Amino acid sequence: MSHPETRTRTRTTHTQVRTGARIGAVLWIIAAVQFMAVQLAVGAAWRTPYSWVRNNISDLGNVHCRTWDVSRPRYVCSPLHDLMNTSFVVHGALLLAGALMTGAACWGRGGMSLTSRILFLIQAAAWGLVGFVPADVDENLHVLGALIIMGFGNLGLLCAGFLRRGSLLGGLRPFTLAVAVVASAAAGMFFGQYDPGIGMGTLERLAAFGTDAWVLVAALAVLRRCVQRVPEEPGAAPVPVPPPAHLLPARR
């Protein structure tokens, strides 16, 4: 029979981690859903039709109405640009918070886990950067943010594809690697200005939305099978467990 104190400590730790991980998963879902919904709403408000095939994501957040982009001139006028830029920031904040709350209990432990989580956090912060600095306000900073999102973010996905199989998110390896390869290839073609015939807007979305596709699947996996067992904190003093009753000396 387990010692009562041991049972209490295990149950409390299990509940705290399970709740935190599930909250993190919900934040990931909200991040992806609101981001997609806002893009649809902001694009629908354009008088000049917005194209998901030809236009960049950043066009939705541009604050001025004018012909934009020397390499691919196009007229950009986004009446709801403030909403889009707010969504960029919220998106990054929710992705970051979700990654912190899911933690090692879902990502597993080891160098690959730490690396993928750090890269994930960096790309989440970069979404905030592109929201605070629209492309037609400071193009250099905005492009830097986009490079981090598509570069560090997809590298983080690639690392996540090699998480330990025993971890919850490590069980998504085939899907994670597939998304990482497609997103990385799209990013290379987008920044290299090579359009294979699907449109530069499509390429950018394949490159940038890999993380959103992954967090949706990862969040569902976390909600379905969060944390099965949580080990004691490293360095914690072990709780003594008394021997079975039949080995105790008889009372007189």
Side-chain angles (χ1 to χ4, degrees), residues 1-38 86-128 131 149 152-153 156-157 159-176 179-180 209-241:
M1 181 180 295
S2 301
H3 193 280
E5 183 179 348
T6 305
R7 291 199 304 270
T8 301
R9 178 183 298 180
T10 303
R11 188 184 305 116
T12 301
T13 306
H14 174 86
T15 302
Q16 289 173 344
V17 175
R18 181 179 62 188
T19 301
R22 286 182 175 174
I23 291 174
V26 171
L27 293 179
W28 274 350
I29 293 173
I30 295 173
V33 172
Q34 70 84 26
F35 188 47
M36 188 64 65
V38 170
T86 300
S87 179
F88 283 139
V89 176
V90 171
H91 184 236
L94 292 175
L95 289 178
L96 190 148
L100 291 175
M101 296 194 74
T102 47
C106 295
W107 293 77
R109 301 187 183 279
M112 196 60 72
S113 169
L114 180 61
T115 301
S116 59
R117 289 166 66 196
I118 290 174
L119 291 171
F120 196 92
L121 294 173
I122 292 173
Q123 73 91 32
W127 281 110
I149 289 169
F152 283 58
L157 277 180
C159 291
F162 293 97
L163 294 175
R164 294 180 180 178
R165 288 189 181 274
S167 64
L168 195 157
L169 298 180
L172 303 175
R173 178 173 294 184
F175 173 74
T176 305
V179 171
F209 289 178
T211 298
D212 288 271
W214 184 80
V215 297
L216 281 174
V217 174
L220 293 176
V222 172
L223 291 175
R224 186 180 70 246
R225 189 179 58 85
C226 193
V227 178
Q228 300 300 322
R229 182 174 182 275
V230 182
E232 292 288 339
E233 290 293 328
V239 177
V241 178

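Predicted, not measured: the structure shown is a model, and the values here were computed from it. Computed over heavy atoms, backbone and side chain alike; hydrogens, waters and symmetry mates excluded.
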Where do Leu163 and Gly170 come nearest, in terms of heavy atoms and distance? CB-CA, 3.8 Å
Of all the heavy-atom pairs spanning Gln123 and Leu95, show the shortest one and how long it is. NE2-CD1, 3.9 Å
For the CG atom of Leu94 and the CH2 atom of Trp28, what is their distance to the nearest 0.5 Å? 12.0 Å
Who passes side-chain hydrogen bond (donor to acceptor under 3.5 Å, both in side chains) against Trp107, sequence neighbours left out? Thr102
With sequence neighbours excluded, residues passing side chain to side chain contact (heavy atoms under 4.5 Å, CB included) with Leu100: Leu96, Leu121
4.5 Å side-chain heavy-atom contact, Arg164 and Met112: no
With sequence neighbours left out, the residues meeting side chain to side chain contact (heavy atoms under 4.5 Å, CB included) with Leu119 are Thr115, Phe152, Leu155, Cys159
Please lay out, stage by stage, how Leu27 and Met101 fare under the test side chain to side chain contact (heavy atoms under 4.5 Å, CB included). CA-CA 9 Å; Leu27 293 179; Met101 296 194 74; 4.0 Å; yes
Rounded to the nearest 0.5 Å, what separates atom CG in Asp212 from atom CE in Met36? 6.5 Å
Name all residues meeting the side chain to side chain contact (heavy atoms under 4.5 Å, CB included) criterion together with Ala125; count only those two or more places apart in sequence or in a different chain, and write none if there are none. none
How far apart are the C-alpha atoms of Leu169 and Trp214, what are their side-chain angles, what is the distance that settles it, and do they pass the side chain to side chain contact (heavy atoms under 4.5 Å, CB included) test? CA-CA 10 Å; Leu169 298 180; Trp214 184 80; 3.9 Å; yes
Kindly give the heavy-atom pair with the smallest separation between Val179 and Gly210, and that separation in Å. CG1-O, 3.4 Å
Hey, does the side chain of Arg173 reach the backbone of Gly161 with a donor-acceptor pair shorter than 3.5 angstrom? yes
Non-neighbouring partners of Phe209 that pass ring-ring contact (aromatic ring centres under 6.0 Å, His included), sequence neighbours left out: Phe35
Would you name the heavy atoms of Ser167 and Cys106 that are closest together and state the gap between them? CB-O, 3.8 Å
Ile29 versus Ala219, closest heavy-atom pair with distance: CG1-CB, 3.6 Å
For Ala99 versus Phe120, what's the shortest heavy-atom pair and its separation? CB-CD2, 3.6 Å
Contacts of type side chain to side chain contact (heavy atoms under 4.5 Å, CB included), residue Val89, not counting sequence neighbours: Phe132
For Ser116, enumerate each residue passing the side-chain hydrogen bond (donor to acceptor under 3.5 Å, both in side chains) test, keeping only those at least two apart in sequence or located in another chain. none
Min side-chain heavy-atom separation Leu223-Val26 under 4.5 Å: yes
